[in-house]
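Let me begin by presenting the structure, written as structure tokens, before commenting on it.
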Amino acid sequence: MIEPTPAARHFIIGLPGMALDDSTRRLLDRGVSGVILFSRNVQSPEQVAELVRSVKAHAGRPVLVGVDQEGGRVARLREGFTPLPSMRELGRAGGVCKAKAVGAVLGRELRAVGINVAFAPVLDVDTNPANPVIGDRSLGAEPKLVAELGTAVARGIQSAGVAACGKHFPGHGDTSVDSHQALPRLTHDMQRLQSVELLPFRAAIADHIPAIMTSHIVFEALDPDRPATVSPAVIDGLLRQQMGFNGIVFTDCMQMRAIADAIGTTEAACQAVKAGVDLVLISHDHDLAHIAIDRLASARAGGELDDISLAASAKRIDVFSQDFANNMDNRSGLDVLNCDEHRLVVERLIDRNTGLTDPTESN
């Protein structure tokens with residue numbers, strides 16, 4: 001058996017296929033904190049539930065299992081699951097009650113197959129019609145609307161015992177470059193960032209969202225030299241100290257070209273942890289994951305990383321894993337998937353003449 005490596009706890013990895021494989025087993029044995037699922041890992045609800053069960057059984061400890069399940073065009077789980085509308089549709093329908101109901105559907109269906117982290121909601125404000133990657137993934141162009149409905153979606157997800165993760169901090173809504181393909185830069189001053197991009201994240205933090213995902217974007221007013229993911233000024237300075245966020249910080253995938261081409265995946269992984277990130281996503285290449293773990297271990301041994309900060313991060317990961325990955329059961333079973341109640345939530349959302357009513361909410 002492979003000896004666990006303490007540095008491995010700072011990583012989330014992808015899986016190559018629809019069943020647990022030896023390569024993933026080796027990384028679980030090294031001590032990675034969890035896995036992220038993609039469409040390549042999904043065939044049916046039964047298969048997903050078995051894959052998740054096998055990952056957890058092999059690890060023999062609380063393991064985080066996450067997925068990008070936003071609704072609309074970004075949904076890894078489709079066949080057999082309730083088709084959820086895009087966030088743009090939800091934003092147009094409006095209403096805190098409706099947003100929370102959609103989040104609850106999402107959370108219950110993830111929990112049914114054993115998934116414990118939803119990489120949702122998107123908290124980016126859709127201020128750039130030419131944005132090639134966000135668009136209808138955003139709740140809208142008004143920061144207050146995104147804040148109000150985004151926090152409601154997060155509450156709904158967490159009502160099912162699943163962790164919500166707001167993304168992409170400090171905000172991906174106004175870019176004209178897709179960070180999957182290249183490194184975007186934003187020149188907005190701090191006044192603009194505070195009033196638009198940061199406002200939904202402040203609301204989510206005030207509402208106790210447990211996790212936030214970073215963006216691979218250079219914000220010149222915050223750090224003109226480094227993408228947010230690897231910037232101490234952005235992660236430790238802004239998010240942790242100024243905004244008071246004490247939860248888990250995930251990176252977006254470190255194999256995206258904004259990071260891989262500009263810095264390199266393994267070096268950037270080390271820089272991200274140094275900046276204050278807790279969990280680094282390496283979603284596709286297990287060889288890179290091993291190299292990144294070794295690089296982080298070497299950096300710690302060589303004194304590049306602060307032991308006190310690393311210990312605080314390890315404690316956050318342990319608490320988060322205990323809260324969301326420990327003893328998670330599937331009490332509802334798969335019968336909850338695409339059930340009449342869940343389909344009705346979506347139907348009522350789309351039909352603005354009916355809908356869930358809440359005398360305190362304003363549409």
Side-chain angles (χ1 to χ4, degrees), residues 36-39 41-45 48-49 52 65-124 126 133-140 145-146 148-168 172-173 200 204 209 211 213 330 332-356 358 361 363:
I36 178 173
L37 303 184
F38 290 89
S39 298
N41 308 122
V42 177
Q43 183 179 55
S44 68
V48 172
V52 171
V65 182
V67 68
D68 292 305
Q69 191 76 358
E70 302 169 10
R73 60 189 166 97
V74 179
R76 312 305 185 199
L77 309 173
R78 293 186 179 272
E79 187 66 31
F81 294 83
T82 303
L84 295 178
S86 70
M87 290 296 99
R88 176 179 287 171
E89 290 178 89
L90 178 56
R92 286 174 175 169
V96 169
C97 186
K98 293 172 187 172
K100 184 178 179 182
V102 167
V105 169
L106 195 163
R108 285 194 293 264
E109 297 206 355
L110 295 189
R111 185 182 179 102
V113 293
I115 295 171
N116 44 47
V117 181
F119 293 119
V122 170
L123 296 176
D124 304 316
D126 183 28
V133 66
I134 300 301
D136 64 357
R137 297 169 67 190
S138 168
L139 285 154
L145 175 75
V146 175
E148 182 179 59
L149 299 189
T151 54
V153 171
R155 286 197 299 273
I157 291 169
Q158 294 197 187
S159 71
V162 172
C165 177
K167 59 188 186 184
H168 307 79
H172 208 321
I209 196 166
M213 178 180 283
N330 300 349
S332 59
L334 299 183
D335 290 346
V336 73
L337 303 178
N338 202 23
C339 65
D340 290 345
E341 178 188 351
H342 288 183
R343 289 196 301 271
L344 184 59
V345 168
V346 176
E347 290 168 7
R348 286 174 167 173
L349 172 69
I350 293 171
D351 183 357
R352 299 185 194 183
N353 294 320
T354 62
L356 303 174
D358 179 345
E361 78 175 5
N363 291 337

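Residue numbers run from 1 in the order of the sequence given. As a basis for the values below, the full set of heavy atoms in this structure was taken, side chains included, without hydrogen atoms, waters or symmetry mates.
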Residues two or more places apart in sequence or in another chain: which of them pass side chain to side chain contact (heavy atoms under 4.5 Å, CB included) with Thr151?
Arg155, Ala203, Ala204, Asp207

Quick check against the 3.5 Å criterion: does Gln69 have a side-chain atom that pairs as donor or acceptor with the backbone of Arg76?
yes

What are the two closest heavy atoms between Gly150 and Leu123, and how far apart are they?
CA-CD2, 3.9 Å

Side-chain heavy atoms of Val52 within contact of Leu37, under 4.5 Å:
yes

Could you list the residues that satisfy side-chain hydrogen bond (donor to acceptor under 3.5 Å, both in side chains) with Thr82, not counting sequence neighbours?
Glu109

How many angstroms lie between atom CG of Leu110 and atom CZ of Arg108, to the nearest 0.5 angstrom?
11.5 Å

Would a distance-only check, ignoring hydrogens and angles, find a side-chain to backbone donor-acceptor pair under 3.5 Å from His342 to Leu337?
no

Which heavy atom of Arg137 sits nearest to which heavy atom of Val122, and what is that distance?
O-CB, 3.4 Å

Non-neighbouring partners of Val42 that pass side chain to side chain contact (heavy atoms under 4.5 Å, CB included), sequence neighbours left out:
Val48, Leu77

Residues two or more places apart in sequence or in another chain: which of them pass salt bridge (charged side-chain N to carboxylate O under 4.0 Å, His left out) with Arg78?
none

Keeping the roles fixed (side chain from Asn116, backbone from Val65), state whether a donor-acceptor pair exists under 3.5 Å.
yes

Taking side-chain hydrogen bond (donor to acceptor under 3.5 Å, both in side chains) as the definition, give me every residue that meets it alongside Asp136, ordered by chain and number, with sequence neighbours left out.
Arg73

If every non-hydrogen atom of Asp124 is compared with every non-hydrogen atom of Ser138, which pair is closest and at what distance?
O-OG, 2.7 Å

Salt bridge (charged side-chain N to carboxylate O under 4.0 Å, His left out) against Lys167, all qualifying residues, sequence neighbours excluded
Asp68, Glu70

Measure across Asn338 and Pro83 and return the closest heavy-atom pair with its distance rounded to 0.1 Å.
OD1-CD, 3.9 Å

Could you walk me through whether Val153 and Leu90 pass the side-chain contact (heavy atoms from CB on, under 4.5 Å) check?
CA-CA 10 Å; Val153 171; Leu90 178 56; 3.7 Å; yes

Taking only residues two or more places apart in sequence or in another chain, which ones pass ring pair (Phe, Tyr, Trp, His ring centres under 6.0 Å) with Phe81?
none

Suppose we screen for side chain to side chain contact (heavy atoms under 4.5 Å, CB included). Which residues come up paired with Ser44, at least two apart in sequence or across chains?
Glu46, Gln47

Minimum heavy-atom separation for Ala99 and Leu149, please, with both atom names.
CB-O, 3.8 Å

For the residue pair Pro121 and Ile209, what are the closest heavy atoms and their distance?
CD-CD1, 4.4 Å

Gap between atom SG of Cys339 and atom CG of Leu334 - 0.5 Å precision
12.0 Å

pair Glu148-Leu139: side-chain heavy atoms closer than 4.5 Å:
no

Among residues two or more places apart or on two chains, list those pairs meeting ring-ring contact (aromatic ring centres under 6.0 Å, His included) that have a residue in residues 86-122.
Phe119-Phe250

What I'd like to find out is whether the side chain of Ile115 reaches to under 4.5 Å of the side chain of Val162, using heavy atoms alone.
no

